[in-house]
Amino acid sequence: EDQVTQSPEALRLQEGESSSLNCSYTVSGLRGLFWYRQDPGKGPEFLFTLYSAGEEKEKERLKATLTKKESFLHITAPKPEDSATYLCAVQAGAGGTSYGKLTFGQGTILTVHP
Amino acid sequence: DVKVTQSSRYLVKRTGEKVFLECVQDMDHENMFWYRQDPGLGLRLIYFSYDVKMKEKGDIPEGYSVSREKKERFSLILESASTNQTSMYLCASSFNRNNYGYTFGSGTRLTVV
C-alpha cells in the first residue's frame, strides 16, 4: 500500500527564517511526486511535480527536491503570504494498486509571522 | 488554464436529505475524483472515474454514490445525509491515468444538521 508521511504537522517561522518541510513516501514504482499549496477554505493549488531522484524544481522562494525515499520543500526567506498548508502526494506507476490516483500526506501547516 | 468548477462553496442540509454535489471540468480530462478533507485525516478518496459511465470505489465510499453521464461532469450523491458527512468536499480531474497530477476545484463545505 502506498504511503505518504509529512513532517512536521505544523511549523511556525518568523519572516525571513528559512526552513524545510519533509515528505517521506513508500510507493510501488514512483511515477511522480507532487507538491500542492492549500489556503484555508480553498482547494489545493499545484506547485511542483518531481519524477526522479535528484530532480529539483524552484518557484520564487520555494524549492522542491526528491530522493528515492523522500522529498523536501525548502522555503527560503519566507513571507507571511507563504502561510498555508502544504500537501505532498505520490502517483504510482502502472501495475501498482493505486495506478492513476494520487495518495496524499496529511499536510504541513506553515505559519509565517511578520 | 484548466478549470474545475464545483457548483456550491457552502451547503447546509438536514439529516436524511439526498444531497447532490456537482463538479464540471472544461479541459476534456478523462479522470475525475471526489475527495473529502477533514482535520487530522487529510484527503480521503471517495470515488473516482476513468471514463464516462465508469466509476470505481475509493477508500471511503460508504454512504456515497456517483454519476458520470458526460465526460465533463462528475456528481457526488449523498443518498441520506448524516452529520458525520459534514466535511469539505473536493473534486479533482486529471488528463488520464498516465498524467500526472490533479487540478482541484475550490471545494464545497457541506454542513449536515
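Lettering of chains follows the sequences in order, A, B, ..., and the numbering in each one begins at 1.
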Note to self: A quick test of your reading: do over 12 heavy atoms of other residues, nucleotides or ligands sit less than 6.0 Å from CZ of A:R61?
What the structure shows: yes
Next item on the list: Taking all non-hydrogen atoms of both residues into account, name the closest pair between B:M88 and A:K42 and its distance.
Entry: CE-N, 4.2 Å
Next item on the list: Drop me the distance from A:L102's CG to B:N31's CG, to the nearest 0.5 angstrom.
Entry: 10.0 Å
Notebook entry, point to check: Listed by chain and number, what are the side-chain hydrogen bond (donor to acceptor under 3.5 Å, both in side chains) partners of A:K59, not counting sequence neighbours?
Noted result: none
Check: When only pairs under 4.5 Å are counted, which of A:G105, A:G41, A:G107 shares the most heavy-atom pairs with chain B?
Finding: A:G41
Note to self: Assigning hydrophobic clusters by single linkage (Ile, Leu, Val, Met, Phe, Trp, Tyr; side-chain heavy-atom cutoff under 4.5 Å), is A:L62 placed with A:L21?
What the structure shows: yes
Next item on the list: Would you kindly confirm whether A:F46 and A:L87 end up in one hydrophobic cluster when ILVMFWY residues are joined by side chain heavy atoms under 4.5 Å apart?
Entry: yes
Note to self: Quick check: do B:Y102 and A:F34 have side-chain heavy atoms less than 4.5 Å from each other?
What the structure shows: no
Check: Can you hop from B:V66 to B:I60 via hydrophobic side chains spaced under 4.5 Å?
Finding: yes
Checklist line | A:F104 CZ to B:L41 CG distance, which is reported to the nearest 0.5 Å | finding: 15.0 Å
Check: Quick one: do A:Y86 and A:L33 end up in the same hydrophobic cluster if we chain Ile, Leu, Val, Met, Phe, Trp and Tyr together by side-chain heavy atoms under 4.5 Å apart?
Finding: yes
Margin query: Between B:R9 and chain A, with a heavy-atom cut-off of 4.5 Å, which part of the residue counts as in contact: side chain, backbone, both or neither?
Written below: side chain
Checklist line | Same apolar cluster (I L V M F W Y, side chains within < 4.5 Å links), B:L43/A:I109 | finding: no
Check: Considering heavy atoms only, which positions within residues 104-113 of chain B lie below 4.5 Å of chain A?
Finding: B:F104, B:G105, B:S106
Check: Does any heavy atom of chain A fall under 4.5 Å from the side chain of B:Q37, the backbone, both, or neither of them?
Finding: side chain
Margin query: I'd like to know whether CD of A:E9 has more than 12 heavy-atom contacts from other residues, nucleotides or ligands below 6.0 angstrom.
Written below: no
Notebook entry, point to check: Quick one: what part of B:Y35 sits under 4.5 Å from any heavy atom of chain A, side chain, backbone, both or neither?
Noted result: side chain
Checklist line | Closest non-hydrogen atom pair between A:G43 and B:L90, with its separation | finding: CA-CD2, 3.7 Å
